[in-house]
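When a ligand or atom number is given, it counts from 1 through the structure's own listing order.
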Amino acid sequence: MTTPERVQSLIDQLREQAETDRPNEETPDVGIVMGSDSDLPTMAGGKGKRPGAYVALAEELGFEEQTDYTDAPGARFTFETFVVSAHRTPELMYAYAETAEDRGLDVIIAGAGGKSADLPNMTASIAYPLPVIGVPVQEKSVDSVIGMPQGAPITAVDAGKSFNAALSAVQILSRQYPELRERLADYHRDLQQDVGEVSRDLHELGTPGFKDKYWEE
Ligand code: RP5
């Protein structure tokens, strides 16, 4: 069966991009792929959902989403996002993982749900030695994401924790870019401040007062 044109055009585009020689600061640093657009609420986060990788990168760590490979946004650090299904579009998964390093990516975050969540583990095998951080979109996806044979590594987060996957990705990048180390440290400082604030409020307002202030009944 020939690959349908909408998939083939994406594959051709990835392969063409891999042939070009763009400076590192103009290519996405992080690639986010997910098995289905139904994974987006978990992978992106926001509105009624806990924060995800998009929120971590775009709202906490100053990254911008790059939507045109040939036209980088203003921010120094960027990420791109694609739907790549291991089972529905295996050729696209192969092309994405195989070209990732040549396209300038430094780390991939790959999320998939269901019991056969193979996108993260297959992407990790094909893109090796590029690091891949797997996100099991559901609890039942954990085993298939992390169950890799010896010699075929993947790093993974707990079910649904794509926010942490983004932090891990930036931790990897921060070994090369001290500016990102600072952003991660600032994020953690703010996190601690928030705990300090709610702790003081809970103690000083008492439980009923705290519930009045923070809980929407
Ligand atoms: C997986 O199957 C995807 O990652 C998704 O989590 C799940 C269901 O996909 P849809 O049927 O919603 O497209 O491959």
Original post:
Do the rings of F79 and Y54 sit parallel, tilted or perpendicular, given the 30° and 60° boundaries?
Top reply: perpendicular

Original post:
Is it true that the side chains of T70 and D68 contain a donor and an acceptor less than 3.5 Å apart?
Top reply: yes

Original post:
So which protein heavy atom does atom 11 (O) of ligand 1 come closest to, and at what separation?
Top reply: R88 NH2, 3.0 Å

**OP:** Answer yes or no: does an N/O atom from S36 fall short of 3.5 Å to an N/O atom of ligand 1?
**Re:** yes

Original post:
Is there at least one pair of N or O atoms, one from G113 and one from ligand 1, spaced under 3.5 Å apart?
Top reply: yes

Original post:
Where is the nearest protein heavy atom to atom 5 (C) of ligand 1: which residue, which atom, and how far?
Top reply: D39 OD1, 3.2 Å

Original post:
What atoms of ligand 1 come within less than 4.0 Å of a heavy atom belonging to A112?
Top reply: 4 (O)

Original post:
S38 to ligand 1: N or O pair under 3.5 Å?
Top reply: yes

Subject >> R15 bridged to E19 by N-O distance under 4.0 Å >> reply: no

Subject >> Side chains of Y177 and R76, donor plus acceptor under 3.5 Å >> reply: yes

Original post:
Looking at T89, T123, I126, I11, which hits side chain to side chain contact (heavy atoms under 4.5 Å, CB included) with Y94?
Top reply: I126

